[in-house]
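Below is one structure, written out as C-alpha cells, with a few remarks after it.
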Number of protein chains: 2
Amino acid sequence: MSDTHPAIKKGRKFDQVVEGARTVFLRDGFEGASVDDIAREAGVSKATLYSYFPDKRVLFLEIAAQETKRQADAFEERMDENLSPEALLPNVGRKILDFILSDFGQAVFRIAVSESDRFPELGRKYYESGPALVAKRLSQYLASCTARGELEIDDIELAAEQFGELCKARLQSRRLFQACCDIDDSEKQKVIDGAVHMFLCCYGVRK
Amino acid sequence: MSDTHPAIKKGRKFDQVVEGARTVFLRDGFEGASVDDIAREAGVSKATLYSYFPDKRVLFLEIAAQETKRQADAFEERMDENLSPEALLPNVGRKILDFILSDFGQAVFRIAVSESDRFPELGRKYYESGPALVAKRLSQYLASCTARGELEIDDIELAAEQFGELCKARLQSRRLFQACCDIDDSEKQKVIDGAVHMFLCCYGVRK
DNA sequence: GCATTTCTGAACTCAACAGTTTAGTTTAAA
DNA sequence: TTTAAACTAAACTGTTGAGTTCAGAAATGC
C-alpha cells in the first residue's frame, strides 16, 4: 500500500484511487470496469488517477496483488497443532466455506478465473495465496496429527487438498452459477459435517 | 442446429457462422470477441452474419446453449447399474477429470464463470447440464448400489457431489490458474485412486 | 502572504467495435 | 439461361472507452 512504497505515493488521494478501483474492479472485472467509473467512484479526476498509474492494466495489477495478499492473510494464521482433528477440522472447514461463499471470495475467484488468461501472473498469484496456501497450512497440521498417531495418511498433501475440495461440495458451484438465491446455515453445516466425517472415516485411526 | 430449426436457417452459411462464433467465443469470451473476428474466422461477411442473428448477444446465447448441450451429452449416457462401485467409480472419475481438464471443458467453465453475471441464464444452464447432471446420474447409480447393499449412504446426493469434488482435487485449479505446464497421466490416476479410495472407505460396507 | 505541489474538470484525440447500408457478385434451382 | 435468393466487400455511422492536455482552483509548506 501507500506505506510500504512511499516513493510511489506522491499525493494525498492515492488511497482514494486504490479504494475506488478495488470496488469497481471487483464488481465489474477488468474489461467491464471503465476508468471513468473508477475515477467517479474514487471521487477523483481522471488526471489524478493517471498521475499515479501509467495505465489501466497497471492499476488493475496493483489491486489484484493487494487482494490476493488480503486473501492470503485471511488464511495465514497458524492452526493450533495440539487440537484433535475432530475438534479442528470443522472450524477450518467452516472458515474455508464461509470465505468461498462470501462476496469477496466469489468476486476474487471470478476475477482470477476470467482474467488469468490476460494476466497469467494473476492466476498464479491467486492460486498461491488461496488454494495452495490453505493446502500448505493444512498439510502442516495433518503432518503433526500423523506424527501423534491421530491420523494415518500416506499422501498428506493430497489429503489436505481433498479436504479443501470436500468443503466446497455443492455450494461453491451453486453460488457461482446463481443456481440458488441464498444458502442457509444448516446447509453449510451439513456439507462441513459430511466433509469431516468422510475425511476422518478415511484417515482416522481405528478405535 | 440447422436441422432442428430449419425455419431459422435461411441460407447455406449458417453453420459456418455458428462454427466461427464457437471458436472465437470459446477462445476470447464475450467481450473479448469482436464480430469482425467472428466473421473472418467463419469466412463470411458481416452482413451475412447479421442476416442470421439480430445482434452479438443473441449469437452468443445460441453458442452457449449449444455448448452446454454438448457438455450435457458427454455425460448423458446411463451408467451400468450392475457394476460394482470398485469397478465403475474409477472410470467415472476418470471421465469427469478428463473432461474438466480438456480444452473444451476449461473453456466452457471459464466462459460460464465470467459471463454468468451478464447472462444469468447461462450460468444456470451450465450448472444444470454440467455439475448437476453428473451428480444426478451418479446419484441414481449410488442408489442402486445401496439397494443392493454394496454401499451404505445416508445422503446420496451429497455423496455424489462429494465424489465429483474429490475427482477435481488439486488438478482443476492447477490447470485453471496456469500454475503448471501440463498434467501427466500418473498424476491424474493418483487423484482418481485417492478419490475412489476415500469414497469407498467412507461409504463401502465393511467386509 | 507567497510559492509549490496537487488536484480538477472539461474538452480533446484516437482507436476499436457494433451494427447498417449499398452496389454489385455468386449460387442454385427451374 | 433466367431469376431470385444468398452472399460479399467496403465504406459508413454512432458510441464507448483509454489516455492526454491545460487553464485554473485548492491545499500545503514556509
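From a predicted model like this one, the values you see are computed outputs, not experimental measurements. Letters go in sequence order (proteins before strands), and every chain restarts at 1.
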* To do: List the steps, then state whether side-chain contact (heavy atoms from CB on, under 4.5 Å) holds for E62(A) with V58(A).
  => CA-CA 6 Å; E62(A) 169 71 22; V58(A) 171; 5.6 Å; no
* Are E76(A) and R137(A) close enough for a salt bridge, meaning some N to O gap below 4.0 Å? -> yes
* Stepwise side-chain contact (heavy atoms from CB on, under 4.5 Å) test for E67(B) and F25(B) -> CA-CA 11 Å; E67(B) 296 311 300; F25(B) 277 136; over 6 Å; no
* Asked: Counting any heavy atom closer than 4.0 Å, what does G32(A) reach on the DNA or RNA strands: base, sugar-phosphate only, or nothing?
  -> nothing
* Asked: Parallel under 30°, tilted from 30 to 60°, perpendicular over 60°: which one fits the rings of F177(B) and Y127(A)?
  -> tilted
* Please step through salt bridge (Lys or Arg N to Asp or Glu O under 4.0 Å) for the pair E187(A) and R170(A), ending with a clear verdict. => CA-CA 10 Å; E187(A) 207 148 12; R170(A) 178 148 58 183; 5.1 Å; no
* Asked: Sequence neighbours excluded, which residues qualify as side-chain contact (heavy atoms from CB on, under 4.5 Å) partners of N91(B)?
  -> none
* Going 5' to 3' on DNA chain C, which nucleotide is the first and which the last to come under 4.0 Å of a heavy atom in chain A? -> dT6(C) to dG9(C)
* To do: Could you tell me whether the phosphate oxygens of dC7(D), OP1 or OP2, come under 4.0 Å of any side-chain nitrogen or oxygen in S45(B)?
  => no
* Summary of protein contacts for nucleotides 15-30 of chain D, nucleotide by nucleotide, where a base hit scores B, a sugar-phosphate-only hit scores S (4.0 Å, heavy atoms) -> ---BBBB-----S---
* Go through D28(B) and R118(A) one step at a time and tell me if the salt bridge (Lys or Arg N to Asp or Glu O under 4.0 Å) criterion holds. => CA-CA 10 Å; D28(B) 300 336; R118(A) 195 193 316 267; over 6 Å; no
* side-chain contact (heavy atoms from CB on, under 4.5 Å) assessment of Y203(B) paired with L142(B) -> CA-CA 10 Å; Y203(B) 296 122; L142(B) 295 179; over 6 Å; no
